[in-house]
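Note on naming: letters A, B, ... go to the chains in the order of the sequence lines (proteins, then strands), and numbering restarts at 1 for each one.
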Amino acid sequence: CSESDLGPISLNWFEELSAEAPP
Amino acid sequence: DVAEQWTPVLLDGPTEESLQLVSKLKDSSNSCAVDVSTMWWEAGGCREFCVVTACESSVSLWKPLASDRWHKVYTWQVGEIPVIQIIPLPDTGNLVCIALGDLEIAEIRLLFCSSENDSFKQSLVKTGTIKAVLGLKGRRLVSSSRTGQEQQVEIVWLSETGRSKDGQTLMPPEETVLAFAEVEGMRDALVGTTTVNDVVVWNLRTGQLLKKMHVGYSYPASICHRAYSDSGLLFVVLSHPHAKESESCGNPVFRVIAFNPRTARSAAVVFSSLPAGHSGRQVLGKIHGYLEGDVQDASAAAVLTSGAVVVWDLLLGRCTALLPPGPTGHWALARWATGSACLLAGQRDGTICLYRY
């Protein structure tokens, strides 16, 4: 899997999505 | 003689990946077996590996004796509604849950055995139209249920006497959740699969629905079994109950899909297909579909409609062992023992064989 297939990868995706998602 | 006839057939797998028959137990009640699982019996700081078997009207706890023999310690009678599933609770001793119902789960009960005074009890955890349920680490149970158009996704904490007062609701997706999986390496994350082939991700601490990621319709009714977080990606093991052997490519029974939760894009990593080709047909004799399966770490086991049990290494995407139908009947159940490299294969007559993998 590469970023060209999957888009930019973030090691902190869980924290980032938690900060963005509705409470 | 029976043990010899049940020696597994290896499909080009290394020797160390073979299945070795360790022991066998059989319920003498002649009831139709519906599920099998394992549980830790904890007493005096020691842990003992136990087997739990279920038929429609009762659930039994088996403890090991010397010489690979098993002793039925207790049988919980459950009454009118049939048992349809055992729900193991990982990392929790002396507790196991069961699902009761007809076509759908109508009730979840907790079965409890006290190691101090050998008392055995059962208590009601939840009722409703329950679509999916999973035992989580830390004495928790997550379930999805429907009331009319409303879907509830709920976590309950379990005490020794049943459900605790405190519970937590997770934000439900619009579509019905059909299966859950904990995310290894990420304690607060939970994934689920829905009726429209979405993989959804929750934050268990806050109850937030973080992401919906579409799997695609090529393989409908995907069921999630396990998930792993690594290097910014979410790897999800999906199974496809309607897989059928195909001449051209062989439909995968299990797929490991890598999701980038930031973009919701995905890529297939490894396929694990039904045994196909000459060697598979020689062994099995006919084309077969997939009935049900279980995944632990990188190992998957499934019962095929032919009555065989197949084991795959999900990282290699390859069958590593196959149990042909036994002399007394077809296999109907295949479960990994919690926290050990042991496979439980069961037949409808209540025969359970334990294999070291």
Do the non-hydrogen side-chain atoms of Ser18(A) and Gln208(B) ever get within less than 4.5 Å of each other?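 In short, these two side chains touch, coming nearer than 4.5 Å.
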Under the side-chain contact (heavy atoms from CB on, under 4.5 Å) rule, what do Ile9(A) and Ser231(B) come out as? Steps first, then yes or no, please. CA-CA 8 Å; Ile9(A) 291 167; Ser231(B) 306; over 6 Å; no
Any donor-acceptor N/O pair, Asp5(A) side chain to Ala267(B) backbone, under 3.5 Å: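 No; judged by distance alone, with no hydrogens or angles, the pair does not exist.
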Keeping the roles fixed (side chain from Thr263(B), backbone from Leu6(A)), state whether a donor-acceptor pair exists under 3.5 Å.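 Here the side-chain-to-backbone pair exists.
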Answer with side chain, backbone, both or neither: which region of [X] has an atom nearer than 4.5 Å to a non-hydrogen atom of chain A?
X: Val201(B); value: side chain
X: Asp230(B); value: neither
X: Leu234(B); value: side chain

Which residues pass the side-chain hydrogen bond (donor to acceptor under 3.5 Å, both in side chains) test with Lys126(B), sequence neighbours left out?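 With neighbours one apart ignored, the set is Gln152(B), Glu154(B).
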Indicate the atoms forming the closest heavy-atom contact of Ser229(B) with Trp13(A), along with that distance.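 That closest heavy-atom pairing would be OG-NE1, 3.9 Å.
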Would you name the heavy atoms of Gly232(B) and Leu11(A) that are closest together and state the gap between them?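 It is N-CD2, 3.5 Å.
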Neighbour count above 12 (heavy atom, 6.0 Å) for Glu150(B) CD: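 Atom CD in Glu150(B) is not crowded, with 12 or fewer foreign heavy atoms closer than 6.0 Å.
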Does Glu16(A) have more than 12 heavy atoms from other residues, nucleotides or ligands lying within 6.0 Å of its CD?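 Yes, the 6.0 Å shell around CD holds more than 12 heavy atoms from other groups.
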Please assess Phe14(A) against Lys211(B) for the test side-chain contact (heavy atoms from CB on, under 4.5 Å), listing each intermediate value before the final yes or no. CA-CA 10 Å; Phe14(A) 187 76; Lys211(B) 203 76 177 179; over 6 Å; no
Apply side-chain contact (heavy atoms from CB on, under 4.5 Å) to residues Leu17(A) and Arg262(B) and explain how you reach the verdict. CA-CA 7 Å; Leu17(A) 292 178; Arg262(B) 284 264 33 153; 4.1 Å; yes
